[in-house]
S.K.: 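What follows is a single structure, and I will ask about it in a moment.
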Amino acid sequence: MPVQLHLSPDPSAVAEDFSRFFFEALKDKDHFTVALSGGSTPKLLFKLWAEQYGTAIDWSKIRFFWGDERCVPPNHEESNYGMTKSLLFNHIDIPEENIHRVIGEADPEAEATRYADEISDNTDSEDGYPVFDLIILGMGGDGHTASIFPHEMELLEVERFCAVATHPESGQKRVILTGPVINRARSVAFLVTGASKVEKVSSILGGAADAKLYPAAHIQPTSGDLHWFLDEAAFQG
Ligand code: 6PG
């Protein structure tokens with residue numbers, strides 16, 4: 001299925017546009033599994049959800065996971081779970097058991113194995129792989145996504161559901177969903193904003209030869225749909 005583009009004037013409008021898409025997808029479902037990402041646009045999104053959708057949504061239908069998590073404790077400023085908790089979970093009515101966080105303070109390899117089991121126990125499956133209803137992704141200026149960086153392209157193909165990735169500069173470990181899991185999702189949505197992303201977005205969406213060097217270009221759901229939510233700064237049409 002071709003990529004579906006959603007263009008908005010600025011990051012706040014991207015968050016609003018994506019929210020409409022998300023809550024529409026949720027409308028007729030009794031149960032919905034979503035993997036969240038870190039990054040700047042999700043921060044806007046979670047604030048918006050807490051402020052505008054806090055009581056309008058039956059949050060108990062949703063099971064939250066993460067596509068990547070930094071290996072730090074939950075109260076650390078770099079924790080994706082911690083960020084989501086302070087901006088969203090603290091302000092909405094959601095059962096604790098619906099929040100499936102990566103235990104960032106645990107041993108990374110052991111946690112990747114444990115988290116894979118937690119995912120398997122709480123999602124649908126197909127060919128032995130978990131299937132998420134939706135995976136939200138960002139893209140870094142180097143083309144990484146879900147903490148799959150260009151120096152670890154093999155994580156796009158490993159057979160494990162979760163693995164340990166390493167940030168190329170800081171060396172920080174991260175527990176991630178691997179390519180085969182991301183590409184089995186029913187829906188994948190990139191939220192990408194800002195001028196620092198414009199070249200990579202243009203290569204990837206334009207199918208340029210260098211795009212294969214960027215992990216984000218390899219996210220092509222096998223039977224699910226692929227959405228890119230972009231602001232004008234990130235997109236050169
Ligand atoms: C993380 C991410 C990461 C992020 C991109 C884009 O936790 O670091 O999940 O993949 O989405 O780096 O981040 P920005 O939206 O802040 O540019």
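Whatever order the structure lists them in is the order used to number ligands and atoms, beginning at 1.
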S.K.: Please tabulate, one pair per line, all N/O donor-acceptor pairs under 3.5 Å involving side-chain atoms of residues 133-147, not counting sequence neighbours.
M.R.:
| residue | atom | partner | partner atom | Å |
| --- | --- | --- | --- | --- |
| Asp133 | OD1 | Arg186 | NH1 | 2.7 |
| Asp133 | OD2 | Thr33 | N | 2.9 |
| Asp133 | OD2 | Thr33 | OG1 | 3.3 |
| Asp142 | OD1 | His144 | N | 3.0 |
| Asp142 | OD1 | His144 | ND1 | 2.7 |
| Thr145 | OG1 | Gly138 | O | 2.7 |
| Ser147 | OG | Asp68 | OD2 | 2.5 |
| Ser147 | OG | Arg174 | NH1 | 2.9 |

S.K.: Any salt bridge between Glu109 and Arg160, counting N to O under 4.0 Å?
M.R.: yes
S.K.: Name the residues in contact with ligand 1, where contact means a heavy atom under 4.0 Å away: which are they?
M.R.: Ser37, Gly38, Gly39, Ser40, Asp68, Arg70, Asn80, Gly138, Met139, Gly140, His144, Ala146, Ser147, Arg174, Lys197
S.K.: Do any side-chain atoms of residues 14-21 form donor-acceptor pairs under 3.5 angstrom with protein atoms, and if so which ones, sequence neighbours left out?
M.R.:
| residue | atom | partner | partner atom | Å |
| --- | --- | --- | --- | --- |
| Ser19 | OG | Ala15 | O | 2.6 |
| Ser19 | OG | Trp49 | NE1 | 2.9 |

S.K.: Using modelled atom types only, decide if a donor and an acceptor are shared between the side chain of Arg114 and the backbone of Ala110 within a distance under 3.5 Å.
M.R.: no
S.K.: Which residues pass the ring-ring contact (aromatic ring centres under 6.0 Å, His included) test with Phe65, not counting sequence neighbours?
M.R.: His100, Phe132
S.K.: Under a 3.5 Å distance rule, please check whether Arg70 uses its side chain to pair with a backbone N or O of Val72 as donor and acceptor.
M.R.: no
